K.L.:
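Below is the structure I would like to discuss, written out as C-alpha cells.
None of the values given here were measured: they were computed from a predicted structure. Note that ligands are numbered from 1 as they come in the structure, with each ligand's atoms numbered from 1 the same way.
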Amino acid sequence: MAFDSKKQREIMGKFATGVTVASTVVDGEKWGMTANAVTSLSLEPPLILLAVGSDSQSHTMFRTAGCFALNILGADQEHLSNRFASPGPREFEDLRMTVAETGAPIMLDAIGWLDCKVVEILPGGDHDIFIGEIQAGDCQDGDPLLYFSGGYRRIAPKD
Ligand SMILES: Cc1cc2nc3c(=O)[nH]c(=O)nc-3n(C[C@H](O)[C@H](O)[C@H](O)COP(=O)(O)O)c2cc1C
C-alpha cells in the first residue's frame with residue numbers, strides 16, 4: 001500500500017526550509033509561485049532544482065517561459081508567501097522589482113535571488129523537477145522566513 005500522503009507531509013514538515021517565490025514572465029505577464037521544494041543541485045555546472053506540481057498553472061508558465069528566478073523571502077515577507085501560494089492572477093504592483101538576464105522578474109527586497117534558465121524537466125510523480133542553470137544572482141543581509149510543520153517561523157539565536 002502506498003505510504004500515507006498526510007503522514008509524508010507531517011514528517012517532511014519537520015524538515016524546516018526557507019521560502020522562495022519562483023517567478024517568471026510569459027508574454028509580458030509576470031508570474032510567481034511560492035516554493036520550498038528547492039535545493040542547490042550542482043556547483044559545476046551551477047544548477048538548482050525546483051519541484052512544481054504537474055497540474056498547476058505555474059508549471060505551464062515556467063515551462064513556456066523556459067526560465068525562472070528564485071526569490072528567497074525575508075522574515076517579514078510572510079504576506080508574499082501567502083500571496084503567491086493563492087490561485088488566480090498574481091499581483092506585483094506594490095513590489096520593488098527589476099528584471100534579470102533571462103527576463104525573469106526579481107524582487108529587490110528578497111534576501112537573495114537566482115536567475116535560472118530551464119535546462120531539463122524531469123518527471124517526479126505528481127510534480128516535475130525543473131532543473132535551472134544559474135545565470136546570475138545576488139544576496140543581501142536579512143533574516144529568512146522559515147517554514148516548519150505547516151507554519152511560518154523565524155530563526156532564533158542558539159544561545
Ligand atoms: C510554504 C509553501 C511552499 C510551497 N512549495 C511549493 C513547491 O515547492 N512546489 C509547488 O509546486 N507548490 C508549492 N506550494 C504551493 C504553491 O505555491 C501553490 O499551490 C500554487 O501557487 C498554486 O498553483 P497554481 O500554479 O495552479 O496557481 C507551496 C506553498 C506554500 C505555502
K.L.:
Taking the six-membered ring for Trp, is the centroid-to-centroid distance between Phe15 and Tyr147 below 6.0 Å?
P.N.:
no
K.L.:
Using 30° and 60° as the class limits, which term best fits the ring planes of His59 and Phe130: parallel, tilted or perpendicular?
P.N.:
perpendicular
K.L.:
Which of the numbered atoms in ligand 1 are under 4.0 angstrom from any heavy atom belonging to Gly53?
P.N.:
11 (O)
K.L.:
Could you check which of Ser54, Ala51, Ser56 puts a non-hydrogen atom nearest to atom 23 (O) of ligand 1?
P.N.:
Ser56
K.L.:
Can you report which non-hydrogen protein atom sits closest to atom 26 (O) of ligand 1, along with the distance?
P.N.:
Gln57 N, 2.9 Å
K.L.:
For atom 8 (O) of ligand 1, grab the closest protein heavy atom and report residue, atom and distance to one decimal in Å.
P.N.:
Ala37 N, 2.9 Å
K.L.:
If you count the atoms of ligand 1 from 1 in the order shown, which ones are under 4.0 Å from a heavy atom of Val52?
P.N.:
11 (O)
K.L.:
Let's go through Arg83 and Asp94 carefully: what are the C-alpha distance in whole Å and the side-chain angles of both, what is the deciding distance for salt bridge (charged side-chain N to carboxylate O under 4.0 Å, His left out) to 0.1 Å, and is it a yes or a no?
P.N.:
CA-CA 12 Å; Arg83 181 190 301 185; Asp94 58 328; 2.8 Å; yes
K.L.:
Lys30 and Ser23: side-chain donor and acceptor closer than 3.5 Å?
P.N.:
no
K.L.:
Got a sec: does the CG of Asp4 have more than 12 other heavy atoms crowding it under 6.0 Å?
P.N.:
yes
K.L.:
Considering only the protein, which heavy-atom contact is closest to atom 10 (C) of ligand 1, and what is its distance?
P.N.:
Met33 CE, 3.5 Å
K.L.:
Which heavy atom of the protein is the closest neighbour of atom 25 (O) of ligand 1, given with residue, atom name and distance?
P.N.:
Ser58 OG, 2.5 Å
K.L.:
Please write down residue, atom name and distance for the protein heavy atom closest to atom 18 (C) of ligand 1.
P.N.:
Ala85 O, 3.6 Å
K.L.:
So, Asp126 versus Ser54: side-chain donor-acceptor pair below 3.5 Å or not?
P.N.:
no
K.L.:
Would you kindly confirm whether Met33 and Ile48 end up in one hydrophobic cluster when ILVMFWY residues are joined by side chain heavy atoms under 4.5 Å apart?
P.N.:
yes
K.L.:
Among all protein heavy atoms in this structure, tell me which lies nearest to atom 3 (C) of ligand 1, with the distance rounded to 0.1 Å.
P.N.:
Asn36 OD1, 3.4 Å
K.L.:
I need the contact type for His59 against ligand 1. Using non-hydrogen atoms and a strict under-4.0 Å cut-off, is it side chain, backbone, both or neither?
P.N.:
neither
K.L.:
Does any N/O atom on Phe84 come nearer than 3.5 Å to any N/O atom on ligand 1?
P.N.:
yes
K.L.:
Among all protein non-hydrogen atoms, which one is nearest to atom 22 (C) of ligand 1, and what is the separation to 0.1 Å?
P.N.:
Arg90 NH2, 4.1 Å
K.L.:
What protein heavy atom is closest to atom 14 (N) of ligand 1, reported as residue, atom name and distance in Å?
P.N.:
Thr34 O, 3.3 Å
K.L.:
Working to the nearest 0.5 angstrom, can you tell me the gap between Met61 CE and Cys67 SG?
P.N.:
10.5 Å
K.L.:
Less than 4.0 Å between a side-chain N and a carboxylate O, is that true for Asp76 and Arg154?
P.N.:
yes
K.L.:
In ligand 1, which numbered atoms sit nearer than 4.0 Å to a non-hydrogen atom of Tyr147?
P.N.:
1 (C)
